[in-house]
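When a ligand or atom number is given, it counts from 1 through the structure's own listing order. Just so it is clear, the model here is predicted, and its values are computed rather than measured.
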Amino acid sequence: MMEYYLTWHNQAKKAYEQAISISMPETYLTKPNGIVFIGMGGSGIVGDFVVALAFDRLNIPVSSIKDYRIPSWINEDTLVISISYSGNTRETILATLEALKKKSKVIMISSGGILKSLSEKYKVPHINVEKGLVPRAALPSMLFTVLASLEKLGMPVVSRDEITSSIENLKLWCSSDETLKESTDIAELFRNSIPIIISCSRFTPLAYRLKNEFNENSKIPVKVEVVPEWGHNDIVGWEKPVATSSMKCLILDCNENMCCEILSFAGKIISETGVECKTLKLKGKSILDKLMYGSLIGGLASVHLAKLRDVNPIETKSISEYKKLIVKLISIS
Ligand code: PA5
């Protein structure tokens with residue numbers, strides 16, 4: 001698992017170079033009324049990342065759906081990007097079928113599975129991602145495929161320079177001692193405790209990415225809070241908190257504007273109750289850099305923590321159990 005994360009720069013480079021050489025159907029080149037991502041878990045987070053990246057770059061709505069239903073505004077003018085690493089996730093397939101029914105411009109991304117067969121049946125573009133990985137560890141493969149596809153469609157959410165420098169930075173971070181130290185320190189912090197991850201709203205997907213990584217790799221429950229919303233509800237819970245001895249807090253510091261001030265205020269309130277807080281400074285210049293750096297540190301930390309807890313980071317027995325239920329509930333004919 002560690003090896004998957006430590007070769008993320010290769011994954012990102014391969015995925016981007018592959019997807020940038022794929023041509024898109026002529027009809028997909030007209031500006032859509034919105035972009036919708038469909039996906040669950042390790043595949044669904046890709047859509048969340050793109051929503052954050054598109055925030056101040058695109059002038060159409062971009063949303064990420066983690067459900068088997070799609071909102072009623074989606075129509076034939078909507079670009080729908082369905083992502084499932086395995087290609088077999090039922091919620092993703094059902095929601096994609098709904099989008100196909102509405103004649104949306106659908107692009108499918110998977111390493112194979114039912115999604116790939118559906119793309120052949122409905123004659124819509126499908127882009128393969130590297131096989132043989134664990135979905136959550138295939139983040140760069142799926143994300144950089146999407147970034148290249150949006151660029152091909154004339155709606156880049158990051159510049160070429162940002163892509164190139166993110167790949168170079170990933171390579172540096174993957175081999176640096178600092179990365180190892182930062183990730184092992186976080187694993188030590190969360191040993192025998194319930195993590196709380198706090199970010200600013202722009203980096204909400206990163207906070208959730210870390211939560212999911214600690215859930216799936218380290219097998220622990222995690223709480224996420226986001227500022228400034230935190231200051232309007234969760235803050236009150238710290239007036240008389242329970243079980244503080246089992247909580248530890250990680251603050252994701254994006255080094256941007258007011259966020260730092262608000263996050264350090266949150267850290268002060270929480271640490272005054274006796275909860276240890278650590279700050280992770282997100283490295284890099286662009287939002288993409290920061291998302292990738294935070295994801296790399298979180299991924300590695302969750303694998304270190306799995307080792308400390310003597311659990312297998314790759315196996316996710318309960319997700320398999322859940323998937324048996326959802327396969328029964330959603331039959332695909
Ligand atoms: O990382 C994981 O293994 C999960 O979160 C999966 O991504 C999730 O269950 C959805 O499966 P898939 O990515 O194959 O659609």
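Annotation: atom 14 (O) of ligand 1 to nearest protein heavy atom, Ser86 OG, 2.6 Å. At the top of the distance list for atom 9 (O) of ligand 1, counting protein heavy atoms only, stands Lys323 NZ, 3.0 Å. Among protein heavy atoms, atom 7 (O) of ligand 1 sits closest to Gly42 N, 2.9 Å. Regarding atom 3 (O) of ligand 1, its nearest protein heavy-atom neighbour is Arg136 NH1, 2.8 Å. Remark: minimum distance from atom 13 (O) of ligand 1 to any protein heavy atom is reached at Ser43 OG, 2.5 Å. Atom 12 (P) of ligand 1 has Thr89 OG1, 3.2 Å as its closest protein atom, hydrogens excluded (heavy atom only).
Compare Lys66, Glu315, Glu216 by their heavy atoms: the one nearest to atom 2 (C) of ligand 1 is in Glu216.
Salt bridge absent: Glu91 and Arg69 never bring a charged side-chain N and a carboxylate O closer than 4.0 Å. At a threshold of 4.0 Å, the pair Lys181-Glu178 does not count as salt-bridged, since none of the basic side-chain nitrogens sits closer than that to a carboxylate oxygen. Here Glu225 pairs with Lys223 in a salt bridge; the nearest charged N to carboxylate O distance falls below 4.0 Å. Using a 4.0 Å cut-off between charged side-chain N and carboxylate O, Lys278 and Glu182 make a salt bridge.
Following chains of ILVMFWY side-chain contacts shorter than 4.5 Å, one cannot reach Leu115 starting from Val327, and the two form parts of different hydrophobic clusters.
Annotation: Thr92 places no N or O atom under 3.5 Å from an N or O atom of ligand 1; distance criterion only.
Distance alone, capped at 3.5 Å, places no donor-acceptor pair between the Lys102 side chain and the Glu76 backbone.
Using a 4.0 Å cutoff on heavy atoms, Ile319 counts as a contact of ligand 1.
Those atoms of ligand 1 with a heavy atom of Gly41 less than 4.0 angstrom away are 5 (O), 7 (O). Per-residue contacts place Met40 under 4.0 angstrom from the following atoms of ligand 1 (heavy atoms of the residue considered): 7 (O), 8 (C), 10 (C). Distances below 4.0 Å separate heavy atoms of Ser84 from the following atoms of ligand 1: 12 (P), 14 (O), 15 (O).
Contact detail for Val303 and Pro313: the closest heavy-atom pair is CG1-CG, 4.2 Å. Of all heavy-atom pairs spanning Ser141 and Val129, the tightest one is O-CG1, 3.8 Å.
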